[in-house]
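Sequential numbering from 1 along the given sequence is applied to the chain's residues.
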Amino acid sequence: MRIAIIGFGNIGKYLAEWIGNNPSYELSYIVARKDIDQEKIGFNQAIQCRKEITPDLIEDVDIIIECANKDVVTQLLKFPEIDRTGLKLIMISTGGLYENKMVLEELKNCEVILPVGAIAGLDAIKAVNDEITSIQLKTTKHPKSLEGAPFFENSTINLSAITTSQTIWEGKVSEAVAQFPKNINVAASIYFASKCEDLVIKIVADPKATSNMHEITCEGGFGKISTRTENKPSPNNPKTSFLAVKSVVSVLRNLNTNIKIN
């Protein structure tokens with residue numbers, strides 16, 4: 001199967017290397033804003049590197065992996081060419097999908113796949129989403145991992161001055177996606193699994209944190225689900241959990257096996 005990767009940061013580079021070592025897949029395109037020195041990173045010269053997504057690229061691949069940002073998701077979903085039978089869209093920036101829920105409902109043919117990302121328990125939450133009465137997410141990160149979020153443009157909070165664990169924000173998923181677009185894709189993923197607009201999100205900054213921690217509490221007629229996932233940050237990007245990267249690899253592996261764990 002032919003693959004296009006959109007976004008070539010830490011996640012894109014890891015996936016490109018993995019795909020390059022897997023004979024079941026062919027990496028055909030990389031879309032990135034910056035120039036890529038293919039020779040330096042040892043890529044097959046048959047890979048086309050582009051600056052923009054184009055209709056011919058979409059029509060020429062079987063799988064598109066988005067690992068850029070939510071704005072790129074919006075851009076990608078505007079192409080009518082994506083809605084064709086056989087095309088699989090693996091989307092990491094689920095916040096972008098949340099902001100385009102109406103567009104998603106109009107897609108009839110392509111398959112949109114959301115990796116589990118940096119959390120555990122989405123399978124169970126999805127299984128009982130018609131029975132949920134309350135659901136919460138508490139995300140704890142080192143202050144450095146939260147730097148650059150739009151929330152701080154109008155906030156008096158000084159991340160570098162935080163010395164103890166501190167709740168810096170609480171709100172709904174729609175607000176979280178806008179205020180913390182690079183930190184809280186997990187909230188959008190939980191929304192798609194739970195279908196709960198009343199999902200409550202709490203973000204905690206802890207200078208002693210050595211991992212990105214996500215705690216989910218979900219209750220309803222089925223009982224109670226509680227999960228805690230502690231992710232080591234990716235080596236080259238503290239904003240990204242390594243589990244989020246590996247979850248995309250898991251999706252690709254799952255496509256080629258006849259034993260499915262959903």
Is there a side-chain contact between [X] and [Y], using heavy atoms and a 4.5 Å cut-off?
X: D198; Y: S134; value: no
X: I63; Y: L255; value: yes
X: V73; Y: L76; value: no
X: D123; Y: V116; value: no
X: W169; Y: I201; value: yes
X: P181; Y: P150; value: yes
X: T74; Y: K70; value: no

Examine distances only and state if a side-chain atom of [X] and a backbone atom of [Y] form a donor-acceptor pair shorter than 3.5 Å.
X: N183; Y: S145; value: yes
X: E59; Y: E81; value: no
X: N22; Y: W18; value: no
X: T217; Y: Q136; value: no
X: T229; Y: A120; value: yes
X: N212; Y: K141; value: no
X: T133; Y: E219; value: yes
X: D83; Y: L107; value: no
X: E175; Y: K172; value: yes

_V177 vs T94, side chain to side chain contact (heavy atoms under 4.5 Å, CB included): CA-CA, chis, key distance, verdict_ = CA-CA 9 Å; V177 167; T94 53; over 6 Å; no
_Surrounding CD of E52 (heavy atoms of other residues, nucleotides or ligands, distance under 6.0 Å), is the total greater than 12?_
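No.
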*Does NZ in K101 sit with more than 12 non-hydrogen atoms of other residues, nucleotides or ligands closer than 6.0 Å?*
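Yes, NZ of K101 has more than 12 neighbouring heavy atoms, counting only those of other groups under 6.0 Å.
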Please report the shortest heavy-atom distance between [X] and [Y], naming the atom on each side.
X: M1; Y: N256; result: CE-OD1, 4.1 Å
X: T54; Y: D56; result: OG1-OD1, 2.5 Å
X: V61; Y: R2; result: CB-O, 3.5 Å
X: N185; Y: G95; result: OD1-N, 2.9 Å
X: A124; Y: I225; result: CB-CD1, 3.8 Å
X: V173; Y: Y191; result: CG2-CB, 4.4 Å

Should [X] and [Y] be counted in the same cluster of Ile, Leu, Val, Met, Phe, Trp and Tyr side chains packed under 4.5 Å apart?
X: V200; Y: V204; result: no
X: Y14; Y: I30; result: yes
X: F242; Y: I5; result: yes
X: V245; Y: M213; result: no
X: L89; Y: Y29; result: yes

Just how far is it from atom [atom1] of [X] to atom [atom2] of [Y], taken to the nearest 0.5 Å?
X: I65; Y: I11; atom1: CD1; atom2: CD1; value: 10.5 Å
X: K138; Y: I203; atom1: NZ; atom2: CD1; value: 12.5 Å
X: I184; Y: T139; atom1: CD1; atom2: OG1; value: 4.0 Å
X: H142; Y: L159; atom1: NE2; atom2: CG; value: 10.0 Å
X: N129; Y: L122; atom1: CG; atom2: CG; value: 11.0 Å
X: K182; Y: L146; atom1: NZ; atom2: CG; value: 13.0 Å

*In sequence, state the C-alpha distance, the side-chain angles, and the governing distance for E66 and S93, and then conclude on side chain to side chain donor-acceptor pair (under 3.5 Å).*
CA-CA 7 Å; E66 176 277 320; S93 303; 2.6 Å; yes
*For the residue pair Y98 and F192, does the interplanar ring angle fall in the parallel (under 30°), tilted (30 to 60°) or perpendicular (over 60°) class?*
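Judged by the thresholds at 30° and 60°, the geometry between Y98 and F192 is perpendicular.
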*asked:* For T227 and I119: C-alpha separation, side-chain torsions, deciding distance, then whether side chain to side chain contact (heavy atoms under 4.5 Å, CB included) applies.
replied: CA-CA 8 Å; T227 70; I119 49 178; 6.0 Å; no
*Under the criterion side chain to side chain contact (heavy atoms under 4.5 Å, CB included), which of E230, K202, R228 is the partner of E215?*
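Testing each of E230, K202, R228 against E215, the sole residue satisfying side chain to side chain contact (heavy atoms under 4.5 Å, CB included) is R228.
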